[in-house]
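A short worksheet on the structure shown next.
Nothing here was measured: the structure is a model prediction, and the numbers come from that model.
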Amino acid sequence: MDIFLQQLINGIVLGSIYSLVALGYTLVYGIMGLINFAHGDIVMVGAMVTLTVARLLSDSGLPGPLVLGIGMLAAIPACMAVGYLIERIAYRPLRNAPRLAPLITAIGVSILLQNLAMMIWGREYLSFPQILPTQTMAVGGASISAIQILIVASSTIMMAGLSSLIRKTRLGNAMRATAQNPEVATLMGVNINAIVSITFVLGSALAAVAGMMVSAYYGIAHYDMGFILGLKAFTAAVLGGIGNIEGAMLGGLLLGIIESMGAGYLGTLTGGVMGSNYQDVFAFFVLILVLIFRPSGLLGERVGERP
Amino acid sequence: MKKYLKLAAYAALLLLLPFATGLALGKTWVRILDFALLYVMLALGLNIVVGFAGLLDLGYVAFFAVGAYCYALLASPHFGLHLPFWMILPIGAFAAGIFGMLLGAPTLRLRGDYLAIVTLGFGEIIRIFLNNLDTPYNITGGPQGVDLIDPIRLGPFSLNQPPGHAVYSYYFLFLLFALATAFVSMRLQHSRIGRAWAAIREDEIAAEAMGIDTRNVKLLAFAMGASFGGLSGGLFAGFEGFVSPESFTLTESIMILSMVVLGGMGHIRGVIFGALLLSILPEALRYVGPLEQSLFGKIVVDPSSLRMLLFGLSLILVMLLRPAGLWPSPARKRELLAHGDTAKHENTGVYDAGR
Amino acid sequence: MAIPQNTRTPASMMQDAKLLEAHDIGRTFGGLAALSGVSLTINRGEIYALIGPNGAGKTTLFNILTGIYKPDSGNFRLEGVEMAGKKPSEMAKSGISRTFQNIRLFANMSAIENVMVGRHCRTSGSVLGAILGNSRTRAEEKAIAENAKHLLDYVGLSKHAHMLARNLSYGDQRRLEIARALATEPKLLALDEPAAGMNPLETDSLKILLETIRRDGVTLLLIEHDVKLVMGICDRLAVLNFGKKIAEGVPSQVCSNPLVIEAYLGVS
Ligand SMILES: Nc1ncnc2c1ncn2[C@@H]1O[C@H](COP(=O)(O)OP(=O)(O)O)[C@@H](O)[C@H]1O
Ligand SMILES: [Mg+2]
């Protein structure tokens, strides 16, 4: 088996998921300058809802992809609603407050969501029913599964869609204007509140899809799964340059590949001293290195200071 | 005269508090008080970085860990070293200070939110190393951590003696340290250095143009804040007799940050209040289980998640109702009343200022 | 009243009259040459003005002289010492201090605290001193506070010493920036449009303040749009246009320079 190719494929799959989640962070950050700490937990909600639907329908005889589709149809609106509510209740009233105030409400929301989820779905790991075909395809010494292809394909489609939405539509224009300068955007007739709500809802929809992917790919879901995933995705967003859409995609992919390569080679590279348990260190280390040399991330603009 | 009376009243309250608590609520609650005092120290330490200098640090618990492991490794059978605590505490504080500078050095050019993620990553890195440095050589004890740590000893007296009274003796030791921390914070705030911190928090470019070497001053903030953390870490290890990576998670960093922000960033009394409140509230919420039992005759929802749920809810509510914290400094209150561009103003960093 | 901390030798006793010499300074921003080949000499004790249309590069030159930007080419000396490439804080320590075109006070600190921050680079209180509160530190603190009070008085702000900077009127904020800059004991004080947004009354008293500062031995470099103010106060001036120096000299000379007239009329 070709370890390099296999790890590359695994990395791309993992990276696609990171990218989707990172997009949610970057969209919200771009518009509001806020780290939405609860974003990872929205991914968890997406995973939990899909998993619930999949469990209900697993014996129904419907084909696996259709079941997943129905799960998505349930998870996306659910996550959108959660995202919308979070923004209305916990962030909007604090728009003019000191910058750390919304960070604390975000932390509060995250705790709230996790514990609500724990009440609804329990504290055990839930397993995702086996509804997708498990056979794999061999590609030049490595293997790819159906779910892997599905993940990469659908996240690519979603990212392309989001990109053109932001670049080519009126809504996208309004979003970019708001990100650049909210006051001027208001003067130009942009309804900031609506734009912010839409941004949250969009990010949450991506999170729902990401949640479905993670739970179907790894076969489990858990009430605090959003935390570490959110952390990684946020790292990816920063790596690419937070606030930058392409940056989030690139950062996510890179982080996925770096982690996966780290897991594959760290042991050999360090003569067995550091195994794959250092995978996370490796990811953060790369992040810190990148930021030292490019303080605004890979694709982040270097905003010139104009005193 | 009135001032002295007030002071005497405070002193009496602080001296009697543990005994009254012990009588009324039992020793568990005295232990909770002990922890609350540790949190006061931690929150005050983080307040130097976040509140005074305006640098968002999400990995503060790493310094607590450094202090705790210093103590654990230098006073336990793990390496067979048994140094006295008055030697280890400064070593731990110093080591944590060095780590603070190590963290600070590469991050100086980063603006707010990038700094947040790097500090967060740093916290995780330290924890992962603590978790894994049991192979190939057993340095940290891995996930099991280090146990049988020597109790803190004042001359021939161990604070664990007589057994069962440890929580009281540690209360007084921690109280002493917490007061000292508050005193040092106060002195620093109203000093040349404290003004320089405030200046870089307000406008880094102007501060630099006025002759403040922002690099050194920021490093100093990191180092000072970190050494407070290291100090409390040492005390924690001596008190618990046991350390493991589990005590030093990101959640803990977030908790300490919440204390600072919820109490009133930059305002020493507010931060102390925030630390006391957030360390006692979750414990008080443990009573929701019994309460549920008595109200409904059975447990309707898992009390531990209900407890955390209420905790999350109160974080949200407090911030919505009092965005500058429960007890902000007078200046900060005025600033918030003045309203408007505060949020933007705080965002000012090297790369986005002046826009 | 003299600026309190200054114990300078009068300009006439110095061997060298040149305080600052800039040579061939250039700086581009993404292809746009904000400054190119600018050379100028500022003499000790004079008020030197820099004028030019918006976007001419005046502020950019300030940012280079105060270390906020590095020049792409050229160099400059303060009292014969090479300065280009130093950090802003080092510039301040060497004696170049400034105000900002769009005021950059420490908004949530009181007026007097703002000035006290300016004393930072001329004092040395350490963390240990602050914690111990030893007599040396206390004496220094006291001196800092007194000095700051003095300077507030000097610019006419002692009434507002304890107001937050953000709550001061616009004109007062500009004065406070000057006091803060003076607290660093500059040899060269660079003021970026100090009269911008001031009413005629405030401008008049600013003029008096600037003349007082000069009389007390500080050399002034002044960017100003108010031509009446500039011509009435400066000893010499330079005109920038599109990043180039197009004229230099005493006010009457510069006024009659056809290039200058064209630059001003042509652009507006
Ligand atoms: N940080 C920067 N990034 C990009 N362009 C800049 C920057 N600073 C100044 N400029 C450009 O340089 C030119 C000169 O600007 P400036 O020095 O501010 O002019 P003035 O102060 O004479 O009005 C302008 O075209 C301005 O847009
Ligand atoms: Mg200008």
Checklist entry - chain C heavy atoms under 4.5 Å from Met224(B): which part of the residue, side chain, backbone, both or neither? => result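 The side chain, not the backbone.
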Next on the checklist: Using 0.5 Å steps for rounding, measure from the CZ atom of Arg195(B) to the CG atom of Asn114(C).
Outcome noted: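 The CG atom of Asn114(C) is 11.0 Å from CZ of Arg195(B), to the nearest 0.5 Å.
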Next on the checklist: Quick check for you: to the nearest 0.5 Å, what is the distance between Leu188(B) atom CG and Ile131(C) atom CD1?
Outcome noted: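 Here the interatomic distance stands at 5.0 Å.
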Checklist entry - Between Ala181(C), Ser124(C), Ser94(C), which residue shows the highest count of heavy-atom pairs closer than 4.5 Å to chain B? => result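 The residue among Ala181(C), Ser124(C), Ser94(C) with the greatest pair count is Ser124(C).
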[X] atom [atom1]: more than 12 heavy-atom contacts under 6.0 Å:
X: Lys159(C); atom1: NZ; result: no
X: Phe76(C); atom1: CZ; result: yes
X: Phe172(B); atom1: CZ; result: yes

Item to check | Within-4.5 Å side-chain heavy-atom neighbours: Ser97(C) and Met210(B) | outcome: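 Yes; the side chains approach each other to less than 4.5 Å.
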Checklist entry - In terms of heavy-atom pairs under 4.5 Å, which option from Ala209(B), Ala198(B), Ala199(B) contacts chain C the most? => result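 Most heavy-atom pairs within the cutoff with chain C belong to Ala199(B).
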Which atoms of [X] are under 4.5 Å from chain B, going by heavy atoms: the side chain, the backbone, both sets, or neither?
X: Thr66(C); result: neither
X: Ser110(C); result: neither
X: Glu140(C); result: side chain
X: Met91(C); result: neither

Taking all heavy atoms of [X] and all of [Y], pick out the closest pair and write down the distance.
X: Glu141(C); Y: Arg192(B); answer: OE2-N, 3.6 Å
X: Gly211(B); Y: Cys121(C); answer: O-CB, 3.5 Å
X: Phe106(C); Y: Ala206(B); answer: CE2-CB, 3.8 Å
X: Ser191(B); Y: Ala130(C); answer: CB-CB, 3.5 Å
X: Leu105(C); Y: Asp203(B); answer: O-CB, 4.4 Å
X: Ser126(C); Y: Ile193(B); answer: C-CG1, 4.3 Å

Next on the checklist: Which residue is it: Lys93(C), His120(C), Lys87(C)? I am looking for the one with a side-chain hydrogen bond (donor to acceptor under 3.5 Å, both in side chains) to Asp213(B).
Outcome noted: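 With Asp213(B) as partner, side-chain hydrogen bond (donor to acceptor under 3.5 Å, both in side chains) holds for just one option, Lys87(C).
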Item to check | N/O donor-acceptor pair under 3.5 Å between Glu202(B) side chain and Asn108(C) backbone | outcome: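 Answer holds: yes.
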